[in-house]
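Notes to accompany the following structure.
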Amino acid sequence: MIPSRVNIRQFHRRILRWYTETGRNLPWRGSITPYATLVSEVMLQQTQVHRVLVKYPRFMAHFPTVRRLAAASQRDVVAAWQGMGYNNRAVRLYRLATHIVHHRKGRWPTDLEGLQALPGVGRYTAHAMMAFAFRKNVPVVDVNVRRVLSRVLWRMRHAGDLRPENEIWDTAHRVLPRGRAYDWNQALMDLGATICTARSPRCERCPVRAVCSSTGRMTPRPREKSVGEPARGGIPARIYRGRVVELLRPRLSGLTYVQLSRLIASEFSHDDVLRLEPIVDSLERDGLVRVIRRRNIPSRVSLA
Ligand code: ADE
């Protein structure tokens, strides 16, 4: 349900005008291939725009087409991902590329069901491909869009409050301006990233201030101590995993488990070495590393 007090036509007009006047000129905007859309969206899911701005053109220069990506080795793809973090995403992208090339003759599905049936493609990515690559009338809801729609359409009391995700998807379908889905989705993302920010929204500069249900009414969101990342003895698991991949990346034949433990101990602590095995196991499960074991004990680790 859309709360009836909000003037949706005004909301459309103001957002679209603002986007036409101030929209960011990002390299993945405009006419790009489905593959290029996919790469940019996977990168943007967990990495900030300023970093993706540097990495995306380099990755595309390396692997300009889905066929070139599928023809590479997984190791090369993970290597090109360096500096982006969350290396699982490189593996996901690579597996998807090999699926498209080997099982679909290089052709992308062009409907939501087909896209969501692809390995590693969820609701967000399928909608982003539909809206941005195929220019279809579908909403795209990431955390920025969810925040903007929650605040504009409902009266939020605290800056950290959000409406439930399924409700926002449903609402996003209802408020989509037909024929302008591309600009609308990009505009909501920009607004969430630059003005309607998580902690301290800049309502005084907001183009939809006049129609927003929450303008100037929210209490600011306190700074969290930590977002509750799973930690391993003080080091967040993500950093620990990332460091193991970094150590393996330049070493083609990998490292013995003992060498890897020593390198980890010199950077972190001896206690952290005790936590190396579950980390290596989880990287192996995700297909990022290959582990050779002797009598069930890891003896050599390399990038997969
Ligand atoms: N975040 C996710 N997708 C994005 C896009 N296309 N533009 C800007 N930020 C984004």
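Note that the numbering runs from 1 along the sequence shown for the chain.
- Crowding of Arg251 atom CZ: a count of heavy atoms from other residues, nucleotides or ligands under 6.0 Å exceeding 12.
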- Query: Could you walk me through whether Glu284 and Arg290 pass the side-chain contact (heavy atoms from CB on, under 4.5 Å) check?
  - Reply: CA-CA 6 Å; Glu284 186 185 29; Arg290 210 189 321 270; over 6 Å; no
- Could you check Gln116 against Arg123 for side chain to side chain donor-acceptor pair (under 3.5 Å), going step by step and ending with a plain yes or no? CA-CA 6 Å; Gln116 267 184 267; Arg123 174 163 59 173; over 6 Å; no
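- Side-chain contact annotation: Ser282 with Arg241, donor-acceptor N/O pair under 3.5 Å present.
- In this structure, the side chains of Leu115 and Phe134 come closer than 4.5 Å at one or more pairs of heavy atoms.
- Contacts of Val49 classified as side chain to side chain contact (heavy atoms under 4.5 Å, CB included), with partners at least two apart in sequence or in another chain: Arg24, Leu26, Trp28, Leu44, Leu53.
- Put simply, Leu96 and Leu288 are part of two different groups of oily side chains (I, L, V, M, F, W, Y) that touch within less than 4.5 Å, one to the next.
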- Message: Between Leu93 and Val77, does the side-chain contact (heavy atoms from CB on, under 4.5 Å) criterion hold? Intermediate values first, please.
- Response: CA-CA 9 Å; Leu93 207 49; Val77 178; 5.6 Å; no
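- Ionic pairing of Asp161 and Arg157 is not present here: no N-O contact between side-chain nitrogen and carboxylate oxygen is shorter than 4.0 angstrom.
- Taking the ring axis of Phe63 as reference, the NZ or CZ atom of Arg68 does not stay both within 45° of it and closer than 6.0 Å to the ring centre.
- Residues Arg89 and Thr47 bring a donor and an acceptor atom of their side chains to less than 3.5 Å of each other.
- Listed for the Arg135 side chain is no donor-acceptor partner under 3.5 Å among the backbone atoms of Ala131.
- Residues Val6 and Leu162 fall into different hydrophobic clusters, defined by Ile, Leu, Val, Met, Phe, Trp and Tyr side chains chained together at heavy-atom separations under 4.5 Å.
- Under the salt bridge (charged side-chain N to carboxylate O under 4.0 Å, His left out) criterion, Asp183 pairs with Arg180, not counting sequence neighbours.
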- Message: Please determine whether side-chain contact (heavy atoms from CB on, under 4.5 Å) holds for the pair Arg293 and Ser299, giving the CA-CA distance in whole Å, both sets of side-chain angles, and the decisive distance to 0.1 Å.
- Response: CA-CA 5 Å; Arg293 291 187 174 73; Ser299 72; over 6 Å; no
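- With hydrophobic clusters built from ILVMFWY side chains whose heavy atoms lie under 4.5 angstrom apart, Phe132 does not share a cluster with Met130.
- More than 12 heavy atoms of other residues, nucleotides or ligands lie within 6.0 Å of CD in Glu204, so this atom counts as buried by the packing criterion.
- For the residue pair Met60 and Ala36, the shortest heavy atom distance occurs at CE-CB, 3.6 Å.
- In plain terms, the two heavy atoms of Ser213 and Arg217 that are nearest each other are O-NH1, 3.0 Å.
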- Can Thr33 and Tyr35 be said to form a side-chain contact (heavy atoms from CB on, under 4.5 Å), step by step? CA-CA 5 Å; Thr33 62; Tyr35 165 70; 3.9 Å; yes
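- Between Pro207 and Leu191, the shortest heavy-atom distance links the atoms CD-CD1, 3.6 Å.
- We find that Glu267 and Arg262 are not joined by a salt bridge, their nearest charged nitrogen and carboxylate oxygen being 4.0 Å or further apart.
- In this structure, OG1 on Thr219 lies 4.5 Å from NE2 on His158, to the nearest 0.5 angstrom.
- For Leu248 against Ser302, the heavy-atom pair with the smallest separation is CD1-C, 4.2 Å.
- The nearest pair of heavy atoms linking Ile32 to Pro27 is CG2-O, 4.2 Å.
- No side-chain donor-acceptor contact under 3.5 Å links Tyr240 to the backbone of Ile264.
- At least one donor-acceptor pair under 3.5 Å links the side chain of Ser214 to the backbone N or O of Trp154.
- Clustering ILVMFWY residues whenever any of their side-chain heavy atoms sit less than 4.5 angstrom apart, transitively, puts Val280 in the very cluster that holds Val245.
- The backbone N or O of Glu167 sits less than 3.5 Å from a side-chain atom of Thr171, completing a donor-acceptor pair.
- Salt-bridge check for Glu246 with Arg249: passed, with a basic side-chain N closer than 4.0 Å to an acidic carboxylate O.
- Counting heavy atoms from C-beta on, the side chains of His12 and Arg178 never come closer than 4.5 Å.
- Leu260 is listed as a side-chain neighbour of Leu247, based on a closest heavy-atom distance under 4.5 Å.
- Counting non-hydrogen atoms of neighbouring residues, nucleotides and ligands closer than 6.0 angstrom, the NE2 atom of His62 reaches no more than 12 such neighbours.
- His99 contributes no side-chain N or O that, together with a main-chain N or O of Arg104, makes up a donor-acceptor pair within less than 3.5 Å.
- Put simply, the side chain of Trp169 does not reach to within 4.5 Å of the side chain of Arg146, judged on heavy atoms.
- Side-chain contact, Thr22 with Trp18: a donor N or O sits under 3.5 Å from an acceptor N or O.
- There is no path of hydrophobic side-chain contacts, each under 4.5 Å, that joins Val91 to Val39.
- The distance from atom CG of Leu38 to atom CZ of Arg92, rounded to the nearest 0.5 Å, is 8.0 Å.
- Neither side chain, Tyr257 nor Arg300, offers a donor N or O lying under 3.5 Å from an acceptor on the other.
- Using modelled atom types, no side-chain atom of Arg14 and backbone atom of Arg9 make a donor-acceptor pair closer than 3.5 Å.
- Looking only at atom types and distance, the side chain of Arg13 has no donor-acceptor partner in the side chain of Asn7 under 3.5 Å away.
- In this structure a side-chain-to-backbone donor-acceptor pair under 3.5 Å is present from Asn185 to Ala181.
- In this structure, Leu303 and Arg75 approach most closely via the heavy-atom pair O-NH2, 3.1 Å.
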- Task: Determine, stepwise, if the pair Gln45 / Thr125 fulfils side chain to side chain donor-acceptor pair (under 3.5 Å).
- Result: CA-CA 9 Å; Gln45 273 164 33; Thr125 309; 2.9 Å; yes
- Task: Begin from the C-alpha positions of Asp281 and Arg285 and carry the test salt bridge (charged side-chain N to carboxylate O under 4.0 Å, His left out) through to its verdict.
- Result: CA-CA 6 Å; Asp281 286 348; Arg285 274 197 304 279; 5.3 Å; no
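- Two rings, from Trp184 and Phe11, have their centers less than 6.0 Å apart.
- For the atom pair OG1 of Thr37 and CZ of Arg29, the computed distance is 12.0 Å after rounding to the nearest 0.5 Å.
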Result block: side-chain N/O donor-acceptor pairs under 3.5 angstrom for residues 105-114, not counting sequence neighbours:
unit_1: Asp111; atom_1: OD1; unit_2: Gly114; atom_2: N; d: 2.7

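- Rounded to the nearest 0.5 Å, atoms CD1 (Ile279) and CZ (Arg238) are 12.0 Å apart.
- Between the CG atom of Asp142 and the CE atom of Met189 there is a distance of 4.0 Å, given to the nearest 0.5 Å.
- Side-chain atoms of Tyr19 do not come within 3.5 Å of backbone N or O of Leu188 as any donor-acceptor pair.
- Within the model, atoms CE of Met156 and OG of Ser150 stand 5.0 Å from one another, a figure rounded to the nearest 0.5 Å.
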